[in-house]
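Note sheet for the following structure.
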Amino acid sequence: MLTINLIREQPSFVIERLKIKNLDATETVKHVLELDQRRRELQAESDSIQAELNSLSREIGAMMKQGKKDEADAARQGIGAMKEKQKQLADTLEEVTARMQEELVKLPNLPHQLVAPGTSADDNVVVRSGGVKPELYAGAVAHWDLIKRYDIIDFELGIKITGAGFPVYKGKGARLQRALVNFFLNEGEKAGYREIEPPIVVNEDSGFGTGQLPDKEGQMYHVGIDNLYLIPTAEVPITNIYRDVILDADDLPVRNMGYTPCFRREAGSWGAHVRGLNRLHQFDKVEIVQIAHPDRSYEALEEMVAHVESLLVKLELPYRIVRLCGGDMSFTSAMTYDFEVWSAAQQRWLEVSSTSNFEAFQANRLKCRFREKGARQTTLCHTLNGSALALPRIVAALLENNQTPDGIMIPPVLVPYTGFDVIS
RNA sequence: GGAGAAAUGGCAGAGUGGUCGAUUGCGGCGGUCUUGAAAACCGUUGUCCGGGCGACUGGACCGGGGGUUCGAAUCCCUCUUUCUCCGCCA
């Protein structure tokens, strides 16, 4: 959520920036400003009547103490009408504030100056790439065939137990999952992240805090009986740790990470291109989250990007890093880098991480603030997060890229974690 | 799941209808003293929304929501959470 102050002070800047995200915000901004104006007028009026009521009450109190009951009764005359009027103003104020909030929530975050305009993934900018695309042998196949051949991941079994998109990992497949999670967490710890094991169901307030609710309700599994949501990413619980929190400037940046399963309904987005591990309803992911000082949040973003990149280098996967264009960025992001790995059998780039700076957009919803040493005022923090990393597509690429006629070779860095160096 | 008790500022803990945004202690911050530190002493110390260039000033907030009243931290209703006892249980 953008702050009302920004919109009030620089409405044309807001409109200009949002054009990068292909949005004409003119009407919404205008509407917000009108409601803001109205809101402030109403509050001024409501407050002044309330002030009068308060002072009358104090006077009546004083009279009662002195035993001047008649005077007190006289003072009570006319209070009813004032209360009525005040109530009406307060109700209208509440309504106008709610409407302003509704409008405000419709506006996406402003993209950073470096973000290119564009309408689709074709306009994204490749900022860096690394690794070598492997030459596969003649009989090489896609991962959905490999997992059957070696009996390591079982989609049919998942369908029987739960439904499509909930695979069962078996034997070395399960062990590979555990190895990757441990590898990612250990690397994260070395990079200064504190490990968190959060709840994987969250309440409505948390869903709102990180921006999943109210709009993206349909993308989360909902436990109706308790009104809780299964998390789509660890970002939700880990960032919400800082909801309604005022940090000291010295505490920044805060670096947290967590491994969780992630649940996504992905309603209506299935097709041939999402075969196998490419898209799932449940998957594992290690997420890194930073809460940063606004002056240093882009340093934090670069630091996170470097960390994610180092993971891909160590896994010896060919990758590229793209900076998303305005049209391809999420609603809440000010700048996003996507990491893609080359899937040799599918001959496609697969997105394995999305690392973003949300600036104050999420913090404004969360009310996550900090105080400069000695300062009286609080300032909104900047929040950032990134996958480091999401497992399924990493697994897909590892299986496909490292396949040989004799089995699938495990990258050396993972062998201490898996305890085996080949799946055969 | 059953029965009972409770929820107050960073923490502890007063306050049961009238200047209570809230006594006090601890902690924090500033100062005096000291070569420095501690101790002692003095002062200060919540958040949000308005108005004003500013000094300053109005309003709201005592778990959440609603109600009674001229006036609510205090009374009533409701929800949530915590604690104690019983039951069940990885």
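Chain A is the first sequence line, chain B the second, and so forth, proteins listed ahead of strands; every chain is numbered from 1. A quick note: this is a predicted structure, and the numbers were derived from the prediction, not measured.
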- prompt: Among B/G58, B/G59, B/C70, which is the nearest nucleotide to the side chain of A/Gln43?
  reply: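 So the nucleotide nearest the side chain must be B/G58.
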Does a side-chain N or O of [X] approach OP1 or OP2 of [N] to a distance below 4.0 Å, or not?
| X | N | result |
| --- | --- | --- |
| A/Arg369 | B/C48 | yes |
| A/Arg40 | B/G58 | no |
| A/Lys83 | B/G71 | yes |
| A/Ser48 | B/G50 | no |

With a non-hydrogen cut-off below 4.0 angstrom, is [X] in contact with a base, only sugar-phosphate, or nothing?
| X | answer |
| --- | --- |
| A/Asn54 | sugar-phosphate |
| A/Thr97 | nothing |
| A/Ile60 | base |

task: Report the residue (A/Arg58 or A/Glu94) whose heavy-atom-nearest nucleotide on RNA chain B is the more 5′ of the two.
output: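 Looking at the nearest nucleotide for each, A/Arg58 comes out on the 5' side.
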field: First of A/Asp47 and A/Leu53 reached from the 5' end of RNA chain B, by closest nucleotide
entry: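 Upstream on the strand: A/Asp47.
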- prompt: Regarding A/Lys172 and the six-membered ring of A/Phe420, is the cationic atom NZ or CZ under 6.0 Å from the ring centre and inside 45° of its axis?
  reply: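 Because its charged atom sits under 6.0 Å from the ring centre and within 45° of the axis, A/Lys172 does stack over A/Phe420.
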- request: Just grab all the ring-ring contact (aromatic ring centres under 6.0 Å, His included) pairs involving residues 69-119 of chain A, residues at least two apart or on different chains.
  value: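 Listed once each, the pairs are A/His112-A/Tyr298.
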statement: Note, RNA chain B 5' to 3' with Watson-Crick or G-U pairs under 3.5 Å encoded as ( ), [ ], | and . gives ((((((((.[[[..)..(.....]]]((((((.......))))))((((((....)))))).[[[[[..)....]]]]])))))))....
Enumerate, atom names and distances included, each donor-acceptor pair closer than 3.5 Å involving a side-chain atom of residues 228-236 of chain A, sequence neighbours excluded.
from	atom 1	to	atom 2	distance (Å)
A/Tyr229	OH	A/Glu217	OE2	2.6
A/Thr233	OG1	A/Glu235	N	3.0
A/Thr233	OG1	A/Lys285	NZ	2.8
A/Glu235	OE1	A/Asn385	ND2	3.3
A/Glu235	OE2	A/Gln362	NE2	2.8
A/Glu235	OE2	A/Asn385	ND2	3.3

Heavy-atom donor-acceptor pair, A/Glu195 side chain to A/Leu185 backbone, under 3.5 Å: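 It does not hold such a pair.
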